[in-house]
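This chain uses plain numbering: 1 for the first residue, then up along the sequence.
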Amino acid sequence: MKKFLVLLLVLSSAAMKAQDQTSLEKHYQAFYKQMRVQGDINGIIQALTHLNVIAPNTARKDTLAYIYSSNNQHMQALNLLGIERLEKDSDLAVQVKAISLKAIEQPKRALEHFEELAKRNPSAYLLYEVSDLKIVTGDNSGALVSIKEGQALTKADMKYAFYERQQPYEVALKSAFFHLEALVIYNTDKNRIKEAIALIDRALVLSPNFNLASLSKQALESRLVVPEETPKD
């Protein structure tokens, strides 16, 4: 009889615990929906964090990491997902790792994840990021291959945004690729500087507002100037 009572108490306790957990999960699901309606990012993060503790779920974890990354909380996103390249990762998780690692200036690690995204779903935009990061990490020959692949997928109406000025601006994606190609040509062979400038001119014809390309052109043109000889006595 005593054994039966102990078993009954254990089962009752387990049932109550499960019921409490279910109630909590429903509460935070409702809280999450309301925070989304209100556009309260901190509330959304709080709700998803509680839901991940109560009922761990990969999709929820990836969503929470995405929200962190979108809110420029890149370290929080990476602490949640890790930084390793994993085949089992969802496309969203790989995207968050790529963007967050680039944002915290870890180009080599970011490149791994952008390459994974481009392998899964090839696109001109992803290949632009891959090309840019290869240039940053010193892989000019690899960058040129990615640039050509990206150019083949680029359409005339595609745009790319730049943020090096206080006011962000957009240029034709074709222009952005011409600019990268110019940088690769110059980095590979300094004697091809005029060819690099010609490519930047093509970029500026398509996108006259391309400030970064204008700055690159000025920098290259300054290297074409031959210093005047000092007059001899």
Side-chain angles (χ1 to χ4, degrees), residues 69 72 74 85 91 94-95 97-229:
S69 180
N72 292 320
H74 298 292
R85 181 176 177 176
D91 290 350
V94 180
Q95 177 185 331
K97 289 179 180 182
I99 292 171
S100 292
L101 285 165
K102 182 180 178 182
I104 64 169
E105 300 181 353
Q106 293 291 321
K108 286 186 178 180
R109 290 189 178 276
L111 176 58
E112 294 179 0
H113 298 292
F114 275 113
E115 285 182 314
E116 178 65 23
L117 284 174
K119 184 177 75 174
R120 295 184 185 189
N121 301 294
S123 78
Y125 291 106
L126 287 172
L127 286 164
Y128 178 86
E129 298 295 343
V130 169
S131 304
D132 186 36
L133 287 168
K134 283 183 177 179
I135 292 172
V136 171
T137 56
D139 182 8
N140 289 296
S141 59
L144 190 57
V145 171
S146 298
I147 287 168
K148 295 302 182 183
E149 291 175 352
Q151 287 173 328
L153 296 175
T154 302
K155 296 181 180 179
D157 61 345
M158 289 181 172
K159 303 288 184 182
Y160 189 86
F162 285 88
Y163 300 90
E164 88 276 2
R165 302 172 69 178
Q166 287 186 339
Q167 184 65 39
Y169 63 96
E170 286 188 335
V171 304
L173 184 57
K174 281 187 176 182
S175 296
F177 271 120
F178 282 142
H179 179 242
L180 288 188
E181 189 176 355
L183 296 180
V184 168
I185 285 173
Y186 178 72
N187 289 342
T188 304
D189 185 353
K190 301 296 188 289
N191 293 319
R192 297 172 68 189
I193 189 169
K194 290 184 178 179
E195 186 180 342
I197 291 172
L199 276 168
I200 293 178
D201 283 336
R202 292 180 68 184
L204 290 170
V205 167
L206 287 174
S207 305
N209 66 321
F210 197 168
N211 182 65
L212 186 59
S214 295
L215 294 174
S216 294
K217 181 180 178 179
Q218 291 171 25
L220 291 176
E221 286 179 333
S222 70
R223 288 167 171 76
L224 281 174
V225 177
V226 179
E228 294 183 4
E229 291 186 8

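- Considering Glu181, Lys194, Arg223, Glu195 in turn, Arg223 is the only one that fulfils the side-chain hydrogen bond (donor to acceptor under 3.5 Å, both in side chains) rule with Tyr186.
- Leu212 places a side-chain heavy atom less than 4.5 Å from the side chain of His179.
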Inset, instruction - Could you give me the CA-CA distance, side-chain angles and deciding distance for Lys217 and Asp201, then say whether side-chain contact (heavy atoms from CB on, under 4.5 Å) is met? - result: CA-CA 8 Å; Lys217 181 180 178 179; Asp201 283 336; 2.7 Å; yes
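- Rounding to the nearest 0.5 angstrom, the gap separating the CG atom in Leu127 from the OG atom in Ser146 is 6.0 Å.
- Nearest heavy atoms, Ala118 versus Val130: CB-CG2, 4.4 Å.
- The distance from the CD atom of Glu149 to the OG1 atom of Thr154 is 11.5 Å, given to the nearest 0.5 Å.
- The shortest heavy-atom contact between Leu220 and Ile197 is CB-CG1, 3.7 Å.
- A donor-acceptor pair under 3.5 Å is formed between the side chain of Thr188 and the backbone N or O of Val184.
- Counting heavy atoms from C-beta outward, Met158 and Lys174 have side chains that stay 4.5 Å or more apart.
- A distance of 10.0 Å separates NE2 in His74 from CG in Leu101, rounded to the nearest 0.5 Å.
- Between the side chains of Tyr169 and Glu164, at least one donor N or O lies within less than 3.5 Å of an accepting N or O.
- The two atoms that bring Ala124 and Phe177 nearest to each other are O-CZ, 3.5 Å, heavy atoms only.
- A distance of 5.5 Å separates CG in Leu111 from OG1 in Thr137, rounded to the nearest 0.5 Å.
- Smallest separation of non-hydrogen atoms from Leu153 and Pro122: CD1-C, 4.3 Å.
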Inset, instruction - Give the intermediate values and the outcome of side-chain contact (heavy atoms from CB on, under 4.5 Å) for residues Leu204 and Ile200. - result: CA-CA 6 Å; Leu204 290 170; Ile200 293 178; 4.0 Å; yes
Inset, instruction - Evaluate side-chain contact (heavy atoms from CB on, under 4.5 Å) for Lys159 paired with Val171, printing each intermediate quantity in order. - result: CA-CA 5 Å; Lys159 303 288 184 182; Val171 304; over 6 Å; no
Legend entry - Working for salt bridge (charged side-chain N to carboxylate O under 4.0 Å, His left out), residues Glu112 and Lys108: CA-CA 7 Å; Glu112 294 179 0; Lys108 286 186 178 180; over 6 Å; no
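- For the pair Phe162/Glu170, no side-chain contact is recorded, criterion being any heavy-atom separation below 4.5 Å from C-beta on.
- More than 12 heavy-atom neighbours from other residues, nucleotides or ligands sit within 6.0 angstrom of NZ on Lys102.
- Of all heavy-atom pairs spanning Ser207 and Ser175, the tightest one is OG-OG, 2.9 Å.
- Of the possible donor and acceptor atoms, one in the side chain of Ser222 sits under 3.5 Å from a partner among the backbone N and O of Ala219.
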Legend entry - From CA spacing to verdict: side-chain contact (heavy atoms from CB on, under 4.5 Å), Lys97, Val94: CA-CA 5 Å; Lys97 289 179 180 182; Val94 180; 5.8 Å; no
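- In this structure, Tyr160 and Tyr128 have tilted ring planes: the angle between them lies in the 30° to 60° band.
- The CD atom of Gln95 lies 4.5 Å from the CD1 atom of Ile99; values are rounded to the nearest 0.5 Å.
- Minimum interatomic distance between Pro107 and Leu133 (heavy atoms only, all atoms of both residues): CB-CD2, 3.8 Å.
- Once rounded to the nearest 0.5 Å, the distance linking CG of Leu144 with CG of Asp139 reads 10.5 Å.
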